[in-house]
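On a predicted model such as this, the values are computed, not experimentally measured, just so you know.
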Amino acid sequence: MNAFEQMEAVIAQRREQPMEGSYTCYLFEKGLDKILKKVGEECAETIIAAKNGDKEELVGEINDVFYHMMVMMNECGVTLEEVTRVMDERAAKIGNLKQFHTSDHNT
């Protein structure tokens, strides 16, 4: 089990068996709007960390985005397996680039 699978399992467990004082439980208790707000905040913080060129901060912010996205996924009934399957399908298409003609887009 990799770290993403472990995190998915912990998030699911917190939802099914709430623990007092758990931040994950707090997010589920507050609902989808709060979860989405946190996803947005963490995305903005990731962008700023990237712009500032602080790799350590960026790595931490990316992890915060991943965590909050996984809470959102659980709340919305989306599994890591489903996301991975789509990513695998897209990876299989690498190299099958569409041919663009200059008339296809405005430059």
Side-chain angles (χ1 to χ4, degrees):
M1 182 180 283
N2 68 36
F4 287 101
E5 293 166 334
Q6 289 174 350
M7 182 57 65
E8 182 178 49
V10 168
I11 290 168
Q13 182 182 33
R14 293 290 186 269
R15 185 170 185 171
E16 294 166 15
Q17 301 168 348
M19 283 180 54
E20 189 171 334
S22 163
Y23 178 65
T24 303
C25 294
Y26 163 80
L27 290 173
F28 284 132
E29 180 182 302
K30 293 298 181 183
L32 186 58
D33 284 351
K34 179 65 172 182
I35 295 167
L36 297 176
K37 181 179 177 185
K38 288 304 296 181
V39 168
E41 288 173 6
E42 296 302 340
C43 286
E45 290 172 8
T46 301
I47 291 165
I48 292 167
K51 182 193 78 59
N52 290 341
D54 184 334
K55 186 175 179 180
E56 187 175 333
E57 181 182 0
L58 178 58
V59 169
E61 295 300 341
I62 289 169
N63 273 274
D64 289 347
V65 169
F66 285 162
Y67 163 75
H68 287 90
M69 291 288 290
M70 292 182 77
V71 172
M72 179 191 69
M73 289 165 52
N74 183 287
E75 180 71 14
C76 294
V78 174
T79 67
L80 188 57
E81 182 180 348
E82 291 169 317
V83 173
T84 302
R85 183 175 9 91
V86 171
M87 188 175 288
D88 288 343
E89 290 169 2
R90 290 181 180 185
K93 293 179 183 178
I94 292 174
N96 295 331
L97 302 176
K98 293 180 181 177
Q99 297 298 316
F100 290 100
H101 301 284
T102 55
S103 62
D104 289 345
H105 54 79
N106 297 328
T107 54

Exercise answer: donor-acceptor pairs, residues 30-41 side-chain atoms, under 3.5 Å, sequence neighbours excluded:
residue: K38; atom: NZ; partner: E41; partner atom: OE1; Å: 3.1

M87: partners by side-chain contact (heavy atoms from CB on, under 4.5 Å), with sequence neighbours left out:
none
Residue Y23 excluded, over 12 heavy atoms near OH under 6.0 Å:
yes
Tell me if the CD atom of E81 is crowded by more than 12 foreign heavy atoms within 6.0 Å.
no
Would you give the length of the straight line joining atom CE of M69 to atom CD1 of I62, rounded to the nearest 0.5 angstrom?
13.0 Å
Distance in Å, T79 OG1 paired with M70 CE, rounded so as to fall on 0.5 Å steps
10.0 Å
Atom pair CD1 (I11) and CG (L80), whose distance is rounded to the nearest 0.5 Å
9.5 Å
Within the distance-only criterion (no hydrogens, no angle test), does the side chain of T46 pair as donor or acceptor with the backbone N or O of E61 below 3.5 angstrom?
yes
Can you check side chain to side chain contact (heavy atoms under 4.5 Å, CB included) on R15 and E75, steps first, answer last?
CA-CA 9 Å; R15 185 170 185 171; E75 180 71 14; 3.6 Å; yes
Looking at E89, I want to see if its CD is surrounded by more than 12 non-hydrogen atoms of other residues, nucleotides or ligands under 6.0 Å.
yes
Do L27 and V78 land in one hydrophobic cluster if side-chain heavy atoms of ILVMFWY residues count as linked below 4.5 Å?
yes
Please report the shortest heavy-atom distance between P18 and C25, naming the atom on each side.
CA-SG, 3.5 Å
Where do Y67 and T24 come nearest, in terms of heavy atoms and distance?
OH-OG1, 2.6 Å
Roughly how far apart are M7 CE and N63 CG, rounded to 0.5 Å?
8.5 Å
Let me see the working for V86 and E82 under side chain to side chain contact (heavy atoms under 4.5 Å, CB included), right down to the final yes or no.
CA-CA 6 Å; V86 171; E82 291 169 317; over 6 Å; no
Looking only at heavy atoms, the pair that brings H68 and D64 closest together is ND1-O, 2.8 Å
To the nearest 0.5 angstrom, please state how far the CD1 atom of I47 sits from the CG atom of L58.
11.0 Å
Supply the atom-to-atom distance Q17 CD to S22 OG, rounded to the nearest 0.5 angstrom.
12.0 Å
